[in-house]
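Just so it is clear: chains get the letters A, B, ... in the order the sequence lines come, proteins before strands, and each one is counted from 1.
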Amino acid sequence: MGKAVMKKRIRFADIIIYMITIALALACLLPLLNMAAISFSNSAAATAGRVGILPVDFTVNSYAKLLKEAQYWRSLMISFARTILGTIINIVLVIVMAYPLSKSTREFYAQKIYMRIVLFAMLFNGGMIPTYLVVNKLGLCDTLWSLILPSAVGVGNVILLMNFFRSVPKELEEATQIDGANPFQTLWNVFIPMSKPCIATIILFCAVGHWNDYFTGILYISKIRNYPLQTYIQSVTASFDISRVTDPKKIQEYLTISEKTLNAAKIVVSTLPLMIMYPFVTKYFKDGIVVGAVKE
Amino acid sequence: MRKKKQIYYHLMMFPGLFLLIIFTFVPMFGVVMAFQNYIPAKGILGSKWVGLQNFKTIFTLRDSRQIFSNTIIISFWKIFLKSVVPVSFALLINEVENKFVKSSVQTIVYLPHFLSWVVFASVVQMIFSLEGPVNKVIGSVGLEPIMFLGTNQWFRKIIIFTESWKEFGYASIVYFAALTGIDPGLYEAASIDGATRFKKLIHITLPGILPIILIMLTMELPNILSAGFDQIYNLYNPLVYDTGDILDTFVYRMGMTKRQYSIGTAVGLIKSTLGMILILTANKLVTTFSDRRMF
């Protein structure tokens, strides 16, 4: 008797658990499904807020409109360019800095001083305004470089990879050095292959960061034609960017030209590269390699 | 050979260091603007030195007290939910036995973390708009619609809730990892002793992941001054400055919109200095009480 009751109770708990977890998963999918549904819906239905997770009066009108919007595709190309170039620069710099820093002071006498410099760069910064003034002074504003160079060195990633490099067995390194390899060759032939998962994770996060970043665009780019995609979307979807617009007439204008279905299409297309890559990359961050503190 | 190796190492450090000097260390000298009445045309060398005047102005402004408290209140609740929700979620999913459901749910909940706040904010705006689904429900029970993002009463709550919505899944990864690290023998022994599922949760699972919860909480400490610029920038408007304006948005508006470089830099300097102290404290705590460190 007792046993039967127990079994029933467990079943009941299981149902609750499954329901909650699945509801939570849906809550995470909903935003994107809703955006997609709106983008395929009739404009009137979308404005009236009648669209849920399925399109109302299915149409591809907004995508047809989007195809004709040259600036969108220009911004998309800018985002591709900065993501590819920016990520390459990020990862190369991370690798070449992490390697000497992973050496002991016996192997590399200046390791300590370099480490202090890098740590200080992580702990303290001049803030948004002085950085802006430097980028501006260098004449980088309104160029692709302003989106890439100021954040080219990810100090946190350098430290992450440095710790990973330290766990590579010493014998492997010594073996290549007996063969007369220089540090670049050792790094290339031993350390990089040994740290593939860590490097892949860093690449993933740098790429997502570049793709999603809108703020450096707002900060350093003044001409809309040079906007990266997220900055462009931000400028058209934010119902009104009040910090820039003070004229009430302009605000009105912003509100009336904001087209819900078209904006949804813009958002959906902008997340496509991410969605396509997503299934292939989940295994890298599932290992939890980037989260949590470094173990001593 | 040894000497030559040193040269290689220096060579490797050079490009990154060069960029760090230009884009991180040079701006650090820019903080002298906080002690000047900086005028762009005159530059740092030509602008007048005013000592601590800007800081005095900041501390007497009613706005700035508001901004500090907004920042701390918002980030406090965000940090609180960032441990409670992911931990509960990890514990829940740990009880799910179906492998397919388990791994699909996990994959899906990580997804919002990878969306930008530009994208997520437009979804949030829509859901909480006057015609949005939330107001539809409120309307259907006969209540007045609420301008969630336009009233001070609601703005912070929306900010805190939507942050948790976007990030809880990703934040739970570290707890999943900790859960798999618990010795299965403990559960078996408890089962033999007749422990219920709930008892096992209280006496084995929770104590098993408690250290990692405390570590993650400590590591969040420095974020108390950040409160999430990207999210708030994409959701706020002048109607909710009273409850939603934080240090970073204030610095941005001061510097980039009002061209009040000196005041903006001074607030930024206060933030970086306190931030540095908090990171060092958090690291000290983590290294003292666990076998881990932050850097």
Original post:
What part of B:Phe14 lies closer than 4.5 angstrom to a heavy atom of chain A: side chain, backbone, both or neither?
Top reply: neither
Subject >> Contact class of A:Thr21 relative to chain B, heavy atoms under 4.5 angstrom >> reply: both
Original post:
In terms of heavy-atom pairs under 4.5 Å with chain A, which of B:Asp230, B:Leu235, B:Val101 leads?
Top reply: B:Asp230
**OP:** Not counting sequence neighbours, which residues clear salt bridge (charged side-chain N to carboxylate O under 4.0 Å, His left out) with B:Lys166? List them please.
**Re:** none
Please list every donor-acceptor pair under 3.5 Å in which a side-chain atom of residues 211-219 of chain B meets a protein atom from a residue at least two apart or in another chain.
residue: B:Thr218; atom: OG1; partner: B:Leu214; partner atom: O; Å: 2.6

Original post:
What part of B:Leu130 lies closer than 4.5 angstrom to a heavy atom of chain A: side chain, backbone, both or neither?
Top reply: neither
Subject >> Contacting moiety of B:Pro15, where chain A heavy atoms sit under 4.5 Å >> reply: both
Original post:
Contact part of B:Ile21 toward chain A, heavy-atom cut-off under 4.5 Å: side chain, backbone, both or neither?
Top reply: neither
Original post:
Excluding sequence neighbours, so at least two apart, what forms side-chain hydrogen bond (donor to acceptor under 3.5 Å, both in side chains) with B:Ser116?
Top reply: A:Gln230
Subject >> Neighbours of chain A found in residues 269-276 of chain B - heavy atoms under 4.5 Å >> reply: B:Leu269, B:Ser272, B:Thr273, B:Met276
Original post:
B:Leu179 pairs by side-chain contact (heavy atoms from CB on, under 4.5 Å) with which of B:Val174, B:Leu91, B:Ile93?
Top reply: B:Leu91
Subject >> Row check, B:Tyr241 ring normal vs B:Arg253 NZ/CZ: under 6.0 Å, within 45° >> reply: yes
Original post:
Side chain, backbone, both or neither: which part of B:Ile279 has a heavy atom under 4.5 Å from chain A?
Top reply: side chain
Original post:
Highest number of heavy-atom pairs under 4.5 Å with chain A: which of B:Val251, B:Val31, B:Leu115, B:Ile22?
Top reply: B:Leu115
Subject >> Any donor-acceptor N/O pair, B:Thr265 side chain to B:Tyr261 backbone, under 3.5 Å >> reply: yes
Subject >> Segment of A:Ile117 engaging chain B (4.5 angstrom heavy-atom cut-off) >> reply: both
Original post:
Should we say atom NZ of A:Lys137 is surrounded by more than 12 heavy atoms from elsewhere, each under 6.0 Å from it?
Top reply: no
